[in-house]
Engineer: 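Take a look at this one; I'll ask things after.
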Amino acid sequence: MATRHEAYHREEEMSADQVKHSLQVASSTSKRKFKTSDEEAASVEVSSVDLTIQKAAFALDTQLKSPWEIKLRREAMLLEMESRGQKTAAFGNEWEKVEKELIRTSRIFRLKMDRKALRRKVEEKLQQEKEVRELCAARAPMFWIPLRAHGVWERMNVTLSCTIRGSPPPHAQWYKNGVPINLRFAEPGKYRIHNNFGILTLEICRCTMDDSADYSVVISNKYGQATSFANVLVRSYYGLLTGLGSDALTIGLSRREAEFVSVLKPVFSRETEPFTLACTFSSDLLEHQKDVSWFRDGVLLKETDRRKMKTLGREASLTVSSAFKDDEGFYTIRIPTLDGSKKQSAYVFVRDAAAAVVGAPGAPLSVKCRDVNKDSLLLSWTPPSDDRGSPIFGYYIERRDTETDEWVPCNESPVKICRFPVSGLVEGKTYQFRVTAVNQAGPSHPSKPSNPVTMKDPAESNRTMVIPYDDFKQIVISKDDLEGNIKIPLPPTNVHAAEVSEDYLVIAWNEPDPRGREPVSYYVEKSIAGTDSWQRVNLEAAVDSPRCAVFDLVKGTPYCFRVLSVNKYGISTPSLPSEPISAVNTLVPPPPPEHVVAYRDTKTSAVVEWDKKDDDHELLGYYIYCRESGETEWQTVNNKPVTDNRFTVPELQTGKEYVFCVKAVNEAGVGPQSPESAPLVVNEAVYCPSAPYDFALLNCGKTEMVICWKAPKFTAGKAILGYFVDQHDSSETEWLSVNLKPNPQRVCKVSNLTEGHFYQFQARALNVAGLGKKSEPSELFKCEEWTMPQPGPPYDVRFTEVRDSTLMLHWEPPLYIGASPVKGYYIEMCEEGSDEWKTVNKQPTATTHMRVSELEKGKSYVFRVKAVNAAGTGAPSVPSDPVIAETKPGMNEIEVGVDEEGFIYLAFENPEPLDDPEFIWSKDYEGPPDADRTEIHNDGNKTKLILTKPSEEDLGTYSVEVPNADGVSASRTLTAEELRDLLKRSHEIRNPLIQLISGWNIEVLEMGDVRLWLQVEKLSPAAELLLTLNDEELSDTPTRKINFDRANGLIEIVIQGFSEKDRGTYTANLKDGKAKNQFSLNLDGDKFNEVLAEMERKRRDWERKQGPHFVEYLQWTVTEECHVLLKCKVANTRNETTFKWFFNRQPFPKGQYDPETGDGTLLIKKFTEENKGLYKTVVSDIRGEDTSELNLSKEVFEDILKELSRIGALSASPLKLQSTAEGFKIYSIVKYFTDYMTPSWYHKDRKLAITERLKSGSTMNQVWLQILNPTEGDKGIYTLELFDGKEIHKRSMDLSGKVFDDAMAEYQRLKEASIAEKNRAKVVRGLPDVATIMEDKTLCLTCHIGGDPIPEVTWLKNDREVIFKERYKLEVKGTVVTMTIEKVCGDDSGRYGIFVKNKYGSETGQVTLSVFKHGEEPSELRRKSESRYSSPTEA
């Protein structure tokens, strides 16, 4: 093998050298002035692609020809190249350019043709190699390990397995006794078929005797087929294990097996809401029954985070915590039994959640990932059934990396169909997807996320071969190891369209073969068919999978596509172009189904059928819709498409008429609506009755027997017209008819029998639909005369009026009474599934009915009855059918009332409408009521029993029963007290009284008129009224108006000038046909006096309002600015009306009045004790005067202060800090402060007391705390409490840390500045601004100075220091400094100043000195005189 590889590589290298030599050969003639075509070819750079093509061509030649042919071909090629090189230049220089161009064009054309030919040969060679490899690997199917026979016990699982080989991988089909096994039609969960890498398995679950058979599997491919057989033998487990008879033990165990007690009913849930399916069993599950399985649409369900399955005791349940429409379907629960299994099924409907936007469609469902590759996949989903009136125009897709919670959009514009290629995914990552539908109203809720999908190369497994050997050892061979060292990849092949849509195309291709060891990516190019202009589709990055979605194509335009392979070594040549492909709409919504038919099923359901479409529209299923006749809005029945053409629609209303329609659905959307079905009235379908059962022997003579049986359980709501009975003598083979005509009773006397023989009986029931099924044969009854002294068994034990804790039991007396008459009956009961009978009544009851109470709600009971006579207790009756103690939903009771004509009635309404209901009334359970005293009227589903002569004879219990209505019954006991109330109501109806609505009322009107009125029910126009006062008839007068409004039943008397003559008793006598009544009013005593006083008060008030008057009297309010506002309002004013304010009876001009609005206001901005007093306003004109007073003193004054305190306390600002020269000041700004606010200061939660160092106080707008000479101990939290009259308001600040340090530094600075200001040198007082003096006089300038220490003193004249000598004298006495100038002269005039200075500062005091001569007027005095006497113009 190695030698062969080495030779191949050497030959490959030689071929490459020859290719290079042939491409680089040049002319040996040095005198030529231009290059030949060979020289031109040699000057062209040889690319790696060209080299690869030439290399492949030589390899092709090498493999196709013999060695001597190869040698001869090479020599011929070399001779041709040399001859080309020896051409001479026969052209002149003028033709040199033409020759060069011609040679160049010829060379390019020749190279193109050679390359195309070589490429075609390479592809043909590769295809041949592939076919050769496939042909070499092709193998007809065979069984490496065949099937083997199995023996298994009942209720155990068995697995048939075999190992197969074949190429291509063969298809497998399993058979049972020659019949193909189809999982769709098999019992749910019965078979599980797997094919894992050539290992075929068939698992048969919970085997029964029927599973004993010959099983085979047929494998086939295009090269042949093979078959393997195996026999499965199922053995009876219990009998073989114990050594006992299998049948006996199986029967014993089967009797103890749990059975279903309740029935699974349809469940209606909504998205995101939970739902539960639950059922109960008759007893605890036996060991072999505990493998409870749940299925949805035939698929076995497993527990998940959302789905929990629980089996506990006698209950099994499946709970889904948050429903999605994907959870809708047909659910089945299955429990194993000895002879197979038992199951129940129900449909779960999941409706759309309420739309987030009104009118938005329902959410899509069934989001699935298909064609998963390394970086792309195809997503599909099912459109919703309800678009809520607006068509869906598209869908938005989102994806989520399972490592994050962020949903990322996958498309920018909506997708029109329910299929979309998702690209740009990362290999190895796991994603989930969800879809949102959009219509004109807005987006729907997102769909349920798809199952997580991991991106990987689906062809990776095909590139690895595993060869097992030596038991568990194996050899793994990778295809990469067999392909050699391939550098630049080959082009892909088979470029075609995998998905065609009007919005996109999915281009697919086969990867290069051989591919090479390096990872390969791909570039896709497109061009319009018929052109050679190629454009790259994936410009941003190459795709890693042999799939690429192409968008933004022109609809209807044909395109061609080609693909280039790329790895780290380079890019391949383009593949062959695909066939022309157009973006067209290949998927359209399906047409409507036809022949939609609806027919009856049960009282609350209907079956809808339609014709399936034979056309291939890739149907996902059908949606069913219904509506009541006359309605316009269709209701969605199922929200998940059904694949069958038959569906049962539940939860319909009995007796209502419905129409139905169907829509087909595929990935293009929901198709148009089918034609409506014919209207259907929902009710029980008419079927033949089921078979009678439970035969019993009631009496037996020597040659005759009396037998009875129970009525069929299913009657389709129709009455049983009779029964046909057959008999069978055990000694004979034939059955004989007992009666030729139907027997209307369930008791039959059979004569002409043979004494001592054993007989069996069968019966068939008859209704309007026909003859029902024949019953099972009864047990053997011996024809032997009864002589026992005890009575025979009662029969026909049944129950009515079943409620949560009670029921009424009925039975018929025994036909054989024994030696003495029957004295009574004992009733026994037990829970269903139990054999422990318990006696209900301690003493025998004499009647054939009894109410059983104290039952446990929800439990199932069975009853039987025994008759008693003097000889003892007889045989028990046949047990009743099981009954669950619970009140059925919607069950009505008997109503008692009186009708419009005064008749007493008992009425009952059947909760569910029936076509022709029958009502059976009885009294005291003894039979029908007395026809002479009662009448019965039936109207549809309602019945009424009327007591025509009600009396005490009618007391008792009335019951009603509706046959064939699933136990609908009720009773009502009419008591003496209730009868008296009913008779009273009947009398009132037959002898009516005019009903009083509102008795006599007294009103005093605005002008002082008194109105007396009462109201009764509406009267007819013929009603009569008689009014009297103290038995004297009243009539309508100018001062006493009488109004009688018959339509409203209103009677009123309006009295003007009410006085003593109107005292007394008023009586109204009314009569309206047969109805009449009388109503009186006693207006006397205190009541009369109160009315008279009120009349006088209102009269005076009315007179007051004839002039200007107050409509709002003086009142006070406190504004948010803590101002007290007094206001009032007047009305009926004129221009001459005056409005005045008074305070403590003195005119008060501060008050305001607005004549336009009539508002009087007085604003007190700062309310103090000075504002306490009596405020009064007076409005007057010629028509009169009105006053209003408000006393702001005592309690009112206190209330105002409290309100000010409240507003002030609420307005308190946060505490602020201010440093002063004395210490710290903590304060809060308030709008207004009063002593009622009782401020309290706290330091570190300790109330502060006022000391010499701590001062507190307040102003009108501030509350403060002064801390003098603060220290470190003053740090901490300070709190101010203000009381507003009801609550305490707190303001706090933390005086510590940086806040304290900054405040302390500021305090120290201010303190030092204060000391400096206090001790600074200063001129206190004494110097005037200007001094005037006559010459030769003595001037004394004296001033007081201050400062500590005593300041230095310097006098200045015109800013120069004064030297004290001669005429200038200085005298300092303590703080008094005096400068004396003797004999002043004109030169002494000027500006003088005293300058004082010490270590804290200095200050200068100045004076201007003016010296005038004798006889002159000082200039200052002259200017003043001139200004005083000057003319206005001059001034």
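Hydrogens, waters and symmetry mates are skipped; everything else that's a heavy atom, side chains included, is used.
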Engineer: Under the ring pair (Phe, Tyr, Trp, His ring centres under 6.0 Å) rule, collect the residues that match up with F561, sequence neighbours excluded.
Structural biologist: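 Not a single residue meets the ring pair (Phe, Tyr, Trp, His ring centres under 6.0 Å) criterion with F561.
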Engineer: Do Q173 and S220 have side-chain N/O donor and acceptor atoms under 3.5 Å apart?
Structural biologist: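 Distance-only check fails for Q173 and S220.
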Engineer: Could you pull out all residues at least two apart from A498 that satisfy side-chain contact (heavy atoms from CB on, under 4.5 Å)?
Structural biologist: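 side-chain contact (heavy atoms from CB on, under 4.5 Å) check on A498 returns V506, A508.
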Engineer: Name all residues meeting the ring pair (Phe, Tyr, Trp, His ring centres under 6.0 Å) criterion together with F281; count only those two or more places apart in sequence or in a different chain, and write none if there are none.
Structural biologist: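 By the ring pair (Phe, Tyr, Trp, His ring centres under 6.0 Å) rule, F281 matches F260.
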Engineer: Looking at residues at least two apart in the chain, or sitting in another chain, which of them share a ring pair (Phe, Tyr, Trp, His ring centres under 6.0 Å) with Y623?
Structural biologist: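 Ring pair (Phe, Tyr, Trp, His ring centres under 6.0 Å) list for Y623, sorted by chain: empty.
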Engineer: Around atom NZ of K308, are there more than 12 heavy atoms from other residues, nucleotides or ligands closer than 6.0 Å?
Structural biologist: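 Counting neighbours around NZ of K308, more than 12 heavy atoms of other residues, nucleotides or ligands fall under 6.0 Å, so yes.
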Engineer: One thing to verify: whether D211 and K176 come together as a salt bridge, which I'm taking to mean a side-chain N less than 4.0 angstrom from a carboxylate O.
Structural biologist: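 Between D211 and K176 there is a salt bridge, with a charged N closer than 4.0 Å to a carboxylate O.
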Engineer: What do you reckon, is CD of E579 surrounded by more than 12 foreign heavy atoms closer than 6.0 Å?
Structural biologist: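 Count not over threshold, so no.
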Engineer: Is it true that R515 and E511 have a side-chain N and a carboxylate O under 4.0 angstrom from each other?
Structural biologist: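 Yes, R515 and E511 are salt-bridged.
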Engineer: Closer than 4.0 angstrom, basic N to acidic O: yes or no for E667 and K368?
Structural biologist: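 Not counted as a salt bridge, because no side-chain N and carboxylate O are separated by less than 4.0 Å.
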Engineer: Please tabulate, for the side chains in residues 326-336, all donor-acceptor contacts under 3.5 angstrom to protein atoms that are two or more places apart in sequence or on a different chain.
Structural biologist:
unit_1: D326; atom_1: OD2; unit_2: S366; atom_2: N; d: 2.7
unit_1: D327; atom_1: OD1; unit_2: R306; atom_2: NH2; d: 3.2
unit_1: D327; atom_1: OD2; unit_2: R306; atom_2: NH1; d: 2.9
unit_1: D327; atom_1: OD2; unit_2: R306; atom_2: NH2; d: 3.4
unit_1: D327; atom_1: OD2; unit_2: F324; atom_2: N; d: 2.9
unit_1: E328; atom_1: OE1; unit_2: V350; atom_2: N; d: 3.0
unit_1: E328; atom_1: OE1; unit_2: N639; atom_2: N; d: 3.3
unit_1: E328; atom_1: OE2; unit_2: Y347; atom_2: OH; d: 3.4
unit_1: E328; atom_1: OE2; unit_2: N639; atom_2: N; d: 2.9
unit_1: E328; atom_1: OE2; unit_2: K640; atom_2: N; d: 3.2
unit_1: Y331; atom_1: OH; unit_2: D327; atom_2: O; d: 2.5
unit_1: T332; atom_1: OG1; unit_2: S345; atom_2: OG; d: 2.8
unit_1: R334; atom_1: NH1; unit_2: P188; atom_2: O; d: 2.9

Engineer: Answer with yes or no whether the side chains of T454 and T430 bring together a donor and an acceptor at under 3.5 Å.
Structural biologist: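 Yes, T454 and T430 have a side-chain donor paired with an acceptor closer than 3.5 Å.
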Engineer: Sequence neighbours excluded, which residues qualify as ring pair (Phe, Tyr, Trp, His ring centres under 6.0 Å) partners of F420?
Structural biologist: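 F420: ring pair (Phe, Tyr, Trp, His ring centres under 6.0 Å) contacts with F551.
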Engineer: For P409, check side-chain contact (heavy atoms from CB on, under 4.5 Å) against everything at least two apart and list the hits.
Structural biologist: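 Result, side-chain contact (heavy atoms from CB on, under 4.5 Å) vs P409: none returned.
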Engineer: Does E154 pair with R235 as a salt bridge, N-O distance under 4.0 Å?
Structural biologist: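 Not counted as a salt bridge, because no side-chain N and carboxylate O are separated by less than 4.0 Å.
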Engineer: List in chain and number order the residues that pass salt bridge (charged side-chain N to carboxylate O under 4.0 Å, His left out) with D644, two or more places apart in sequence or in another chain; answer none if no residue qualifies.
Structural biologist: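 Partners of D644 by the salt bridge (charged side-chain N to carboxylate O under 4.0 Å, His left out) criterion come out as none, since no residue qualifies.
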Engineer: Using the side-chain contact (heavy atoms from CB on, under 4.5 Å) criterion, which residues pair with P168? Sequence neighbours excluded.
Structural biologist: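 Result, side-chain contact (heavy atoms from CB on, under 4.5 Å) vs P168: N221, K222, Y223.
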Engineer: Atom CG of residue position N182 - does it have more than 12 heavy atoms of other residues, nucleotides or ligands inside 6.0 Å?
Structural biologist: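 Enclosed: over 12 neighbouring heavy atoms sit under 6.0 Å from CG of N182.
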Engineer: With E403, which residues qualify under side-chain contact (heavy atoms from CB on, under 4.5 Å), at least two apart?
Structural biologist: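 side-chain contact (heavy atoms from CB on, under 4.5 Å) list for E403, sorted by chain: D401, K429.
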Engineer: Can you sort out the partners of D291 under side chain to side chain donor-acceptor pair (under 3.5 Å), two or more places apart, ordered by chain and number?
Structural biologist: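 By the side chain to side chain donor-acceptor pair (under 3.5 Å) rule, D291 matches no residue at all.
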Engineer: Not counting sequence neighbours, which residues clear side chain to side chain donor-acceptor pair (under 3.5 Å) with T311? List them please.
Structural biologist: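 T311: no side chain to side chain donor-acceptor pair (under 3.5 Å) contacts found.
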